[in-house]
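Each remark here refers to the structure printed beneath this line.
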Amino acid sequence: MSVFYITTPIYYPNARPHIGHAYTTVFADTLARYHRMIGDDTFFLTGTDEHGLKLQRAAEKKGVDPKTFVDEMVVYYKEYWKLLNISYDWFIRTTDDYHVHTVEKMISELHRKGLLYKDRYSGWYCASCEKYYSETEYEVVDDKPHCPIHKKPLEWLEEETYYFKLSEYRDFMLDVLEKTEIVYPKSYAVEVANRLKKEGLRDVSIARPKERVSWGVELPFDREYTVYVWFDALLNYISAIGYPDDLQRFNHYWPAAHHVIGKDILWFHTVIWFSVLKALDIPLPKKVLVHAFLVNRGIKMGKSAGNVISIEYMVDRYGVDGTRYILMRLMNMAKDVDVTQELFDNVYNTELADVYGNLIRRVGVLVKRKLKGRLEPTSVEQGIAEAIENALDSYSKEMERFDVSRALGTAIELLRKGNAYVNETKPWQQSDPSKSLYTLAELIRAATVMLHPVIPSTTSRTAESFGFPITTPKELRLGENGYTVKESPILFKKTG
RNA sequence: AGCGGGGUAGGGUAGCCUGGCAGCCCGCGGGGCUCAUAACCCCGAGGUCGGUGGUUCAAAUCCACCCCCCGCUACCA
């Protein structure tokens, strides 16, 4: 039995999750469900990143302490993931004791190894925000940097901080990016590698003075500082599976680690994360799966752009499974996908309602009407049997290449063949349509199994209605089991 | 500017690595079916495969140059 460990980024709970978070999370969930289905020992992790200045601020604004604030916010994440049927095995919060413990131990370890040093940090600072702004963040007015929020001039400020010797890992990183297949799709690895070659690697500040950022993990060796959030956050992937206290558990899952991330946080999950792991003598994860974004009229969805599609809206219109299906069917790791309601409606109506739902309905009705709901095992039409085997085969290949959209495409293609087969054999005219309908039931079973990781509630309903188990797509054993069709449900109501 | 991705019928895309009749989905036109969620099936129209030049018996596919679009460019999850 293989092991499969999959993670999402841990989300920053300063606002409720939207469809972008769902995109990432449903993708991870789909892969987790697929691996459970084929029998892998699967561990699926998600959670929240609860430290840092932004949360400190948000809490202050509401007049509550940060912990109270994140305690409230984290409920939303859990509720949304429950709504979307996210089958996580563990929900980590970076404020959890065991995680803080890991952070303290690891930062001390870096310190002990001499990989940290104290030095001056300087940059453009906004006193109102109490925050530094990078060159890409601030606005230039009259040749001078200004705060993008307060529109006031920034002041050049210096403070003491701790640096991590990231620069020592340049060659290591280049090797990893150019010679391994960890970063997927590969084009993202090339992007980072080119940037490394061109710009090199600078050491990175890993702490903040406590007077400025109090909401974080204190440096064990200098209580005047808190650990900067990215370091804190990245460690969730190992603290959640027992590092460093439960090495048996850690060693079991870690070699199978797959990090799902959006392309915006690629740099952190390659250069910084890999270097930290190397520094701690921990092997690298197996894969970093990077995806592009859903965009709305060409603009990345986000609060500031005001073009966010809410999870509620999607679920209201398409149901939970419909939402999950649409997201996964449109999933594209390499490039952004411009989405519209018309596109969503189209995918939902044609593929789920017309192709899948309607086939279930018509075959169900025929079996009940012509054969009193009972199908004994018999031979499967050869052409269809071959189509099923081919589809299952491609499906597994695509899923294992993390191409969920194409995997779904193979299921839909098979279902279209099913609909064509109904038209060809006209079971309603046959005196004994057993073979046709049994063939169709087997096709439906195969397609249902294929769709199961993405639309688990619906496929369970289909399996229940037709009386078959959801098993691994690797061993479907065609022609062995009969069916008792209890009902022929309408699975998806058309919309639009 | 550099780097990465992309420019294929009205829209969305596959194919490009490993040259050889340009495939699929939506939409559109016609036909069939009547088991089914006005669903399903079949047929058809529609393409200078961004441009120019080159390699080749043959180029969407390889090479060169150019144009256009998107993204990334470090402390921002």
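In what follows, chains carry the letters A, B, and so on, assigned in the order in which the sequence lines appear, proteins first and then strands, with residues in each chain numbered from 1.
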For this session: Using atom types as modelled and distance alone, determine if a side-chain donor or acceptor of A/N332 lies under 3.5 Å from a backbone N or O of A/K335.
Result: yes
For this session: Could you measure between the two C1' atoms, the one in B/A58 and the one in B/G20, and give it in whole Å?
Result: 6 Å
Exercise. Does a nitrogen or oxygen in the side chain of A/Y356 sit under 4.0 Å from OP1 or OP2 of B/A36?
Worked result: no
Problem set entry | Test log, rule side chain to side chain contact (heavy atoms under 4.5 Å, CB included), inputs A/T46 and A/W81 | CA-CA 10 Å; A/T46 190; A/W81 297 157; 4.2 Å; yes
Problem set entry | Integer-rounded Å distance: B/G5 C1' and A/D338 CG | 16 Å
For this session: Could you pull out all residues at least two apart from A/S457 that satisfy side-chain contact (heavy atoms from CB on, under 4.5 Å)?
Result: A/N85, A/D321
For this session: Measure from CD1 on A/I10 to P on B/C76 and round the result to the nearest Å.
Result: 16 Å
For this session: Please state the C1' separation for the pair B/C63 and B/G29 - nearest whole angstrom.
Result: 43 Å
Problem set entry | Pairs where residues 174-183 of chain A contributes a residue and the test salt bridge (charged side-chain N to carboxylate O under 4.0 Å, His left out) is met, not counting sequence neighbours | A/D175-A/K179, A/E178-A/K197, A/E181-A/K186
Exercise. What is the nucleic acid contact for A/I206, judged by heavy atoms within less than 4.0 Å: base, sugar-phosphate only, or nothing?
Worked result: nothing
Seminar exercise, completed: Within residues 191-200 of chain A, the residues having a heavy atom closer than 4.0 Å to RNA chain B are A/E191, A/N194, A/R195, A/K198, A/E199, A/G200
For this session: Check every atom of B/A74, B/C41, B/A39 against the side chain of A/N419 and return the nucleotide holding the closest atom.
Result: B/C41
Exercise. Taking the C1' atom of each, how far is B/A1 from B/C21, in whole Å?
Worked result: 44 Å
Exercise. A/I261 has an atom CD1; how far is it from atom P of B/C72, in whole Å?
Worked result: 14 Å
For this session: Round to the nearest Å and state the distance from A/L166 atom CG to B/C75 atom C1'.
Result: 10 Å
Exercise. Contact class for A/V365 vs. all strands (heavy atom < 4.0 Å): base, sugar-phosphate, or nothing?
Worked result: sugar-phosphate
Exercise. Between B/A36, B/A77, B/C75, which one does the side chain of A/H269 approach most closely?
Worked result: B/A77
Exercise. Salt bridge (charged side-chain N to carboxylate O under 4.0 Å, His left out) with A/E442: which residues, sequence neighbours excluded?
Worked result: A/R445
Exercise. With A/E342, which residues qualify under salt bridge (charged side-chain N to carboxylate O under 4.0 Å, His left out), at least two apart?
Worked result: none
For this session: Would you check if the distance from the ring center of A/Y80 to the ring center of A/H21 is below 6.0 Å?
Result: no
Exercise. Is A/T323 reaching over with its side chain to a backbone N or O of A/G319, donor-acceptor style, under 3.5 angstrom?
Worked result: yes
For this session: With P as the reference atom in both, quote the distance from B/G7 to B/G12 in angstrom, rounded to an integer.
Result: 11 Å
Taking only N/O atoms, report every protein-nucleotides 22-24 of chain B pair under 3.5 Å with atom names and distance.
none

Exercise. If we take the C1' atom in both B/C28 and B/G11, what is their distance in whole Å?
Worked result: 12 Å
Problem set entry | Span that lies between the P atom of B/C70 and that of B/A60, in whole angstrom | 28 Å
Exercise. Which of these nucleotides, B/C35, B/A77, B/G5, is closest to any side-chain atom of A/S187?
Worked result: B/G5
Exercise. B/C35 C1' sits how many Å from A/I444 CD1, rounded?
Worked result: 12 Å
Exercise. Are A/K278 and A/Y169 in a cation-pi contact, defined as NZ or CZ under 6.0 Å from the six-membered ring centre and within 45° of the axis?
Worked result: no
Exercise. Once you round it to whole Å, what is the distance between C1' of B/U13 and CG of A/N332?
Worked result: 10 Å
Problem set entry | Aromatic plane relationship, A/Y356 with A/F492 - under 30° parallel, 30 to 60° tilted, over 60° perpendicular | tilted
Exercise. When you check the phosphate oxygens OP1 and OP2 of B/A14, does a side-chain N or O of A/R406 lie under 4.0 Å from one of them?
Worked result: no
Problem set entry | Non-neighbouring partners of A/D71 that pass salt bridge (charged side-chain N to carboxylate O under 4.0 Å, His left out), sequence neighbours left out | A/K67, A/R93
Exercise. Quick one: side-chain hydrogen bond (donor to acceptor under 3.5 Å, both in side chains) pairs with a partner in residues 418-428 of chain A, sequence neighbours left out?
Worked result: A/R362-A/N419, A/R362-A/N423, A/E381-A/Y421
Exercise. Taking the same atom, P, in B/A9 and in B/C24, what whole-Å distance lies between them?
Worked result: 15 Å
Set out, line by line, the N/O atom pairs under 3.5 Å between protein and nucleotides 6-8 of chain B.
none

What nitrogen or oxygen pairs link the protein and nucleotides 30-33 of chain B at under 3.5 Å?
| from | atom 1 | to | atom 2 | distance (Å) |
| --- | --- | --- | --- | --- |
| B/G32 | N2 | A/N423 | ND2 | 3.2 |

Problem set entry | Neighbour count above 12 (heavy atom, 6.0 Å) for A/K118 NZ | yes
Seminar exercise, completed: Of the listed B/U37, B/C35, B/A77, the closest approach to the A/P9 side chain comes from B/A77
Exercise. Considering only B/A74, B/U37, B/A77, which nucleotide approaches the side chain of A/Y237 most closely?
Worked result: B/A77
Exercise. Below 6.0 angstrom between ring centroids: does that apply to A/H269 and A/Y188?
Worked result: no
Problem set entry | Interatomic distance where CG belongs to A/N349 and C1' belongs to B/G12 [whole Å] | 16 Å
Exercise. Counting any heavy atom closer than 4.0 Å, what does A/F268 reach on the DNA or RNA strands: base, sugar-phosphate only, or nothing?
Worked result: base
For this session: Taking the side chain as every heavy atom from C-beta outward, state whether A/T226 and A/W215 have any atom pair closer than 4.5 Å.
Result: no
Seminar exercise, completed: Out of B/A77, B/A36, B/A74, minimum distance to the side chain of A/R369 belongs to B/A36
Seminar exercise, completed: Contacts of A/A334 and A/K493 projected onto RNA chain B by closest heavy atom; the upstream (5') one is A/A334
For this session: May I ask you to decide if the ring planes of A/Y23 and A/H291 are parallel, tilted or perpendicular, using 30° and 60° as cut-offs?
Result: perpendicular
Exercise. For RNA chain B, whose closest nucleotide is more 5', that of A/V363 or that of A/N346?
Worked result: A/N346
For this session: Mind checking A/L415 for me? I need base, sugar-phosphate or nothing, with any heavy atom below 4.0 Å counting as a touch.
Result: nothing
Exercise. To the nearest angstrom, how far is A/L330 atom CG from B/C26 atom C1'?
Worked result: 13 Å
Exercise. Using atom C1' of each nucleotide, how far apart are B/U8 and B/U48 to the nearest Å?
Worked result: 12 Å
For this session: Name the nucleic acid region contacted by A/F492, choosing base, sugar-phosphate or nothing; use a 4.0 angstrom heavy-atom cut-off, strictly under.
Result: base
Exercise. Checking all strands, does A/L491 fall into the base, sugar-phosphate, or nothing category for heavy-atom contacts under 4.0 angstrom?
Worked result: base
Exercise. Does atom CD of A/E218 have more than 12 heavy-atom neighbours from other groups under 6.0 Å away?
Worked result: yes
Exercise. Which string of ( ) [ ] | and . matches RNA chain B, if you list each base 5' to 3' and count Watson-Crick or G-U pairs only when both distances are under 3.5 Å?
Worked result: ((((((((.[[[[.)....(..]]]].(((((.......))))).....[[[[[..)....]]]]])))))))....
Exercise. Taking only residues two or more places apart in sequence or in another chain, which ones pass ring-ring contact (aromatic ring centres under 6.0 Å, His included) with A/Y225?
Worked result: A/Y162
Exercise. Can you check whether A/F293's main-chain N or O pairs, donor with acceptor, with A/D336's side chain at less than 3.5 Å?
Worked result: yes
